[in-house]
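Quick notes on the structure that follows.
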Amino acid sequence: MSLVLARKYRPSLFSDLIGQDSISSTLSLALDSKRLSHAYLFSGLRGSGKTSTARIFAKALICDKGETSTPCNECPNCIMANENRHMDIIEMDAASNRGIDDIKELIEHSKYRPSSARYKIFIIDEVHMLTHQAFNALLKTLEEPPPFVKFILATTDPLKLPATILSRTQHFRFKKIPHNLVVSHLEYILNLEGIEYENDAIEIIARSGAGSLRDSLTLLDQAIVYSKNFVDVQTVTSMLGIIEPEHLKNLISSILSKDLDKINEFIKLSSEYECEMILDELTLFIKDMMLERNKLISPLIIERFFRVIANSKELLKLGSDGGFVLYLTLFKMMESLELRDIDLLIKELQNDINVQQETPKLHHPVLDTELKHDNESTHTHTHTHTHTQTHTQDTAHQKLFGDLVAKIYDRDFVLGSCFERTIVFDKFEDNTLYWISNANSEDKEKLKAGYGVIKKFVQDIFGSSTQIKNRPSMQKQNFDESSKSDVQKTEESGKEKENCENEVGSMIEDIEMPSSCIMPEAANEAGKEKNPEDLMNEPMVKEAIELFSPKKVTVVQKI
């Protein structure tokens, strides 16, 4: 009787296991050193070798040679184990025997000694299907079984097992079998069977198996029958209902060259295939191109293609038309190639911004004149090292002043506009910021109202102990001088002799030192003494008289 390839070539020794070297090595060492546990748990992908390993391990435990990693396959115990008819190896399918009564029966069998072998071994497949009550019933026996009993549990979903079960077993995790090992094993079996094949066809079958050796062998069995003993690409793709890799290769070339006619031809060709399958195959094909480091397509473009395909799969989940989604996907992939130019523009713009930040320019006539004068003097004169260092510091301070303007703008656009228009950086030395002011009366009021914000930002940028010194612009001073009469000039010249030459008046000092009666030189109302007789005519006094209707109001002059 003919057997399917998955059963015909089932491994019978640990050395025959494919892709599970660490597990087979650990179990072999445990057998040879006689360091055995009473319960084992095998978990992993379907077709990764869990049940085969359990049977090999059970056979190794009962071989007449003793507990060995290399059972003889010749003694009666090994022969019966290979034929799945040994009375002391009890296999139980937990998917169909999942209730508490089934577990009670298993526990009852575990009380009796083995009939002919060294151990009585229970292999429970798909153990995660047991009910909660069945797990609870199994706990005590699983923790302390008789010395002649061994448990081997197998599952594809270990997360569904209770923690109490996991803590009582040695857990072995079977990994997905690598693609190259699956391909090698399939080719080995085809050579033993004497069947011709194409390498690309075997690659497609192994890829469709998705890391499961049993699934790959099942597909190979089907391909052998369908292809009449010659496994080629066309037969395999037709059998699996997938598109040929050559068509995908031509499609990628058409997208990169933006050939609309060939893209339309592919869409017509693919009308007989499912859109989701084409997207999956296209993803795998692009992945292979990336791993092969294909020079036709860069990693950046590959990443964009993956994003487009992922978004298209989301559209399919919404029930969209597959043909339209495929059409949209291919054209979005083609349009994504244009984003490269946008990236370059962004990079160039970023470079321009960095250059501007390194050499900031304050758009003010006075400051631009000073900077121009500095540049001309730099090219026409040879400066000493000290002067060069001072100029570098001034440039740095100018940049900080530019940051100050930007920060004020960010807080209050009107205040920032007024500040940039009327205040010009002069210098920064001795922890003091000097600037030039050409503010008129209206601008002064705005700056006075926002002085608290300005001072806070100055101290944030230049230092918490920074002082501010201000002087009016020369242009404004000259205009004020020309508008005065000769008498005023004579009077002010006498006052200037009495004051310190370095003393400057500013609206900043007016804010920080408000005028009062102890400052007779102040020009505001607070510095003037009131005549007691004029108090009766004050609006506030009149309102108080009308409100309270006093019989007599006496005003006494303060001495």
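For clarity, every value in this text was computed on a predicted model and none was experimentally measured.
Taking 4.0 Å as the cut-off between side-chain N and carboxylate O, Asp16 and Arg10 do not count as a salt-bridged pair. For the pair Glu303 and Arg307, the salt-bridge criterion is met [side-chain N within less than 4.0 Å of a carboxylate O]. Salt bridge status for Lys407 with Asp403: absent, with no side-chain N to carboxylate O gap under 4.0 Å. A salt bridge links Glu314 with Lys317: at least one charged nitrogen is closer than 4.0 Å to a carboxylate oxygen.
Taking the six-membered ring for Trp and thresholds of 30 and 60 degrees, Phe122 and Phe151 have nearly parallel ring planes, at less than 30 degrees apart.
Scanning both residues, Phe135 and His128, for their nearest heavy atoms gives CZ-CA, 4.3 Å. Here the closest heavy-atom approach between residue Ile177 and residue Gly47 is recorded as CD1-O, 4.0 Å.
Looking only at side-chain heavy atoms (C-beta outward), Leu330 and Ile255 come within less than 4.5 Å of each other. Under the 4.5 Å side-chain criterion, counting only non-hydrogen atoms from C-beta, Phe285 is not in contact with His247.
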Show the atom names and distances, to 0.1 Å, of all donor-acceptor pairs under 3.5 Å that link a side chain in residues 90-101 to residues at least two apart or in another chain.
unit_1	atom_1	unit_2	atom_2	d
Glu91	OE1	Arg55	NH2	3.3
Glu91	OE2	Arg55	NE	2.8
Glu91	OE2	Arg55	NH2	3.4
Asp93	OD1	Ala95	N	3.2
Asp93	OD2	Ser96	OG	3.4
Ser96	OG	Asp93	O	3.4
Asn97	ND2	Asp93	O	3.1
Arg98	NE	Met129	O	2.7
Arg98	NH2	Met129	O	3.1

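Side-chain atoms of Ser28 never come within 3.5 Å of backbone atoms of Ser69 as a donor-acceptor pair (strictly under, hydrogens ignored). Side-chain atoms of Thr68 do not come within 3.5 Å of backbone N or O of Pro71 as any donor-acceptor pair.
Side-chain contact check for Thr329 and Ser312: at least one donor-acceptor pair (N or O, by modelled atom type) lies under 3.5 Å. With no hydrogens or angles considered, a side-chain donor-acceptor pair links Lys59 and Asn82 at under 3.5 Å.
Note that the NZ atom of Lys150 and the CZ atom of Phe57 stand 7.5 Å from one another [nearest 0.5 Å].
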